[in-house]
**Q** 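My questions will all concern the structure given below.
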Amino acid sequence: MADARRQLRSGTVVLGGMGLLAAALTACSSDPDKRCVDRDSYQLAKGYKVVADKSCNSTRTSANGAWYYGGKKKGSWVEGGSFTKPRKGSGSSGGGHGSSVDRGGFGSGKGSSGG
């Protein structure tokens, strides 16, 4: 009977771990960071002022809201991103500076060891 409980517990751990893995992979494959900013708030030293999401979802707000993708957030300001939504699978980090990410993996031809 103790062996049956041990197997049941280890199966629960494996299934729980798979759930965490699935959640992590889903989070990684979602859209890039996007923030609602006021287009009229740009300052050279700070970037754009981040405003409430409702400013981008509604036409009845005082802010000229627009979605801003990527960039670095500093307090309630964000800079270094773009108003253009990146395409899925483009490999760009959203910086708008031509930076790309090359992740090796199965069949990528990267990192093979010679012998």
**Q** Is it the case that the ring center of Tyr69 lies less than 6.0 angstrom away from the ring center of Phe83?
**A** no
**Q** Using 0.5 Å steps for rounding, measure from the NZ atom of Lys73 to the CG atom of Asp33.
**A** 10.0 Å
**Q** Closer than 3.5 angstrom, by distance alone: can the side chain of Ser55 be matched with the main-chain N or O of Gly65 as a donor-acceptor pair?
**A** no
**Q** Might you point out which heavy atoms bring Asp38 and Asn64 nearest each other, and give the distance in Å?
**A**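 So the minimum-distance heavy-atom pair works out to OD1-N, 3.4 Å.
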**Q** Is the shortest side-chain N to carboxylate O distance from Glu79 to Lys46 below 4.0 Å?
**A** no
**Q** Just jot down the ring-ring contact (aromatic ring centres under 6.0 Å, His included) partners of Tyr42, sequence neighbours excluded, or say none.
**A**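 ring-ring contact (aromatic ring centres under 6.0 Å, His included) check on Tyr42 returns Tyr48.
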**Q** What pairs of residues pass the disulfide bond (SG atoms under 2.5 Å apart) test when at least one of them lies in residues 43-75, not counting sequence neighbours?
**A**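 For residues 43-75, and leaving out neighbouring residues, the disulfide bond (SG atoms under 2.5 Å apart) pairs sorted by first residue read Cys36-Cys56.
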**Q** Apply the test side-chain contact (heavy atoms from CB on, under 4.5 Å) to residues Val37 and Val78: give CA-CA distance (whole Å), side-chain angles for both, the deciding distance (0.1 Å), then the verdict.
**A** CA-CA 8 Å; Val37 299; Val78 65; 3.6 Å; yes
**Q** Show the nearest heavy-atom pair for residues Arg35 and Gly71, with the distance to one decimal.
**A**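 Closest approach of Arg35 to Gly71: NH1-O, 4.1 Å.
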